[in-house]
Asks: 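Sharing a structure with you now.
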Amino acid sequence: MSALPSGAPEAIPGQDETHQRMHDLLTSVTTAVLEEQPGLLDFHDHRPQRDRSSGDSWRGLQTLCHVSALLASSGRPTSSESAAARLLEAAHGSAASWGLHRRSERSGAGVVTASWTNAAGDLLEMIVGVRVAVRAISAPFLPGSLTPRTTTSPASALSPLTPPPRPLR
């Protein structure tokens with residue numbers, strides 16, 4: 001028996017696949033939430049998106065994770081516990097269709113926060129308060145793009161291109 005790790009997975013997603021997955025996930029969730037409460041109007045980027053180090057590596061290459069823009073609703077949500085619960089259920093249904101399961105839910109002081117995750121490590125977060133906010137954080141991926149996406153956010157342009165992977169020092 002060895003104390004060494006069992007090894008790296010055979011494959012790891014690339015930047016293009018990851019950015020497309022995050023864009024599709026965010027589009028799905030924000031569409032479901034807007035269908036539940038059309039008074040939210042739309043979602044816009046409140047904070048910029050970025051790719052950052054995942055703190056991990058794959059076969060000696062640095063991996064990144066994508067932190068989406070924080071998407072905030074333009075309109076205010078209906079202020080009742082039942083309306084907030086329906087918004088969370090709409091987001092849950094959409095997240096479940098992407099293979100995510102509920103990780104946590106907290107409420108207090110008029111704010112409800114929920115998060116979903118999957119086995120790969122993707123994370124979706126939603127906050128219902130004065131506005132509704134949604135963001136996603138991807139599982140680790142290899143940087144470098146053959147066909148860069150203009151955006152992962154349904155609402156804005158992507159930050160500058162990520163350089164190709166480099167060996168860890």
Side-chain angles (χ1 to χ4, degrees), residues 1-33 42-73 88 91-106 111-129 131-169:
M1 192 150 51
S2 172
L4 297 174
S6 61
E10 285 300 311
I12 186 170
Q15 178 175 335
D16 296 335
E17 177 187 342
T18 300
H19 284 177
Q20 182 67 49
R21 188 176 72 250
M22 292 295 101
H23 179 271
D24 294 347
L25 171 62
L26 289 167
T27 300
S28 173
V29 170
T30 55
T31 299
V33 169
D42 65 1
F43 282 88
H44 62 277
D45 290 3
H46 185 68
R47 296 250 165 90
Q49 57 193 356
R50 66 190 185 286
D51 290 334
R52 64 171 173 82
S53 173
S54 69
D56 206 357
S57 66
W58 182 78
R59 297 185 178 178
L61 297 173
Q62 177 187 21
T63 58
L64 300 179
C65 64
H66 180 74
V67 179
S68 78
L70 178 64
L71 302 174
S73 65
L88 290 178
H92 178 72
S94 178
S97 74
W98 285 89
L100 282 84
H101 60 274
R102 179 95 32 111
R103 184 181 93 162
S104 68
E105 184 177 332
R106 293 184 315 247
V111 176
V112 178
T113 304
S115 64
W116 296 263
T117 191
N118 63 16
D122 292 333
L123 175 68
L124 174 70
E125 298 174 319
M126 183 169 147
I127 300 169
V128 180
R131 299 271 190 242
V132 175
V134 179
R135 79 170 175 172
I137 302 171
S138 76
F141 67 89
L142 285 176
S145 176
L146 298 175
T147 54
R149 283 198 54 81
T150 56
T151 182
T152 61
S153 167
S156 76
L158 183 65
S159 57
L161 296 179
T162 305
R166 60 179 185 245
L168 293 177
R169 295 184 184 150

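Remember, it's a predicted structure, so these values are computed and weren't measured experimentally.
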Asks: Compare every heavy atom of Ala91 with every heavy atom of Val33, then report the nearest pair and how far apart it is.
Replies: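 Result for this residue pair: CG2-CB, 4.2 Å.
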Asks: Would you compute the distance between atom CZ of Phe141 and atom CD of Glu17 and round it to the nearest 0.5 angstrom?
Replies: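 Reported to 0.5 Å precision, the distance equals 11.0 Å.
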Asks: Working to the nearest 0.5 angstrom, can you tell me the gap between Ile127 CD1 and Arg106 CZ?
Replies: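 Between atom CD1 of Ile127 and atom CZ of Arg106 there are 8.5 Å.
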Asks: When you compare the side chain of Ile12 with that of Arg59, does any pair of heavy atoms fall below 4.5 Å?
Replies: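 Answer no - side chains too far apart.
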Asks: Find the distance between CG (Leu123) and OG1 (Thr117) and round it off to the nearest 0.5 Å.
Replies: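 Answer for the CG-OG1 pair, Leu123 versus Thr117, is 5.5 Å.
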Asks: With Ala136, which residues qualify under side chain to side chain contact (heavy atoms under 4.5 Å, CB included), at least two apart?
Replies: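 Once residues adjacent in sequence are excluded, the partners of Ala136 under the side chain to side chain contact (heavy atoms under 4.5 Å, CB included) criterion are Met22, Leu25, Leu26, Ser68, Leu124.
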Asks: If we count only N and O atoms by modelled type, under 3.5 Å, do the side chains of Arg103 and Ser115 hold a donor and an acceptor together?
Replies: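 Yes, a side-chain donor-acceptor pair sits under 3.5 Å.
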Asks: Return the minimal non-hydrogen interatomic distance between Pro143 and Leu64, and the atom names on each side.
Replies: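 Looks like CB-CD1, 3.5 Å.
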Asks: With rounding to the nearest 0.5 Å, note down the distance linking NE2 in His66 to CZ in Arg50.
Replies: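 Atom-to-atom, His66:NE2 and Arg50:CZ are 9.5 Å apart.
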Asks: Look only at the side chain of Thr27 and the backbone of His23, and say whether a donor-acceptor pair between them is shorter than 3.5 Å.
Replies: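 Between the backbone of His23 and the side chain of Thr27 there is a qualifying donor-acceptor contact (under 3.5 Å).
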Asks: Taking all non-hydrogen atoms of both residues into account, name the closest pair between Cys65 and Ser53 and its distance.
Replies: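 Nearest heavy atoms, Cys65 then Ser53: SG-O, 4.3 Å.
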Asks: So, does Ser97 use its side chain to make a donor-acceptor pair with the main chain of Ser94 at under 3.5 Å?
Replies: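 Looks like yes, one N/O pair under 3.5 Å.
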Asks: Return the minimal non-hydrogen interatomic distance between Thr18 and Pro13, and the atom names on each side.
Replies: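 The pair with the smallest heavy-atom distance is OG1-CB, 3.6 Å.
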Asks: Taking all atoms of both residues into account, what is the closest heavy-atom pair of Leu88 and Ala114, and its distance?
Replies: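 Residues Leu88 and Ala114, closest heavy atoms: CD2-CB, 3.7 Å.
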Asks: Any sub-3.5 Å donor-acceptor pair from Thr63's side-chain atoms to Trp58's backbone N or O?
Replies: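 Pair absent, no side-chain N/O of Thr63 close to backbone of Trp58.
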Asks: Are any side-chain N or O atoms of His46 and backbone N or O atoms of Ala69, one a donor and one an acceptor, separated by less than 3.5 Å?
Replies: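 Answer holds: no.
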Asks: Out of Glu125, His101, His92, which residue meets the side-chain hydrogen bond (donor to acceptor under 3.5 Å, both in side chains) rule with Trp116?
Replies: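 Single pass found, and it is His92.
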Asks: With a 4.5 Å cut-off on side-chain heavy atoms, are Arg47 and Val67 touching?
Replies: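 They are not in side-chain contact.
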Asks: Just wondering, are more than 12 heavy atoms of other shown residues or ligands nearer than 6.0 Å to CZ in Arg21?
Replies: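 For Arg21, atom CZ is crowded (more than 12 foreign heavy atoms under 6.0 Å).
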Asks: Which pair of heavy atoms, one from Leu70 and one from Ala133, lies closest together, and at what distance?
Replies: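 Closest approach of Leu70 to Ala133: CD1-CB, 3.9 Å.
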Asks: Which residue is it: Asp42, Thr30, Val132? I am looking for the one with a side-chain contact (heavy atoms from CB on, under 4.5 Å) to Ser73.
Replies: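 Per the side-chain contact (heavy atoms from CB on, under 4.5 Å) rule, the option paired with Ser73 is Val132, out of Asp42, Thr30, Val132.
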Asks: May I have the step-by-step check of side chain to side chain contact (heavy atoms under 4.5 Å, CB included) for Val29 and Trp98, ending in yes or no?
Replies: CA-CA 10 Å; Val29 170; Trp98 285 89; 5.7 Å; no
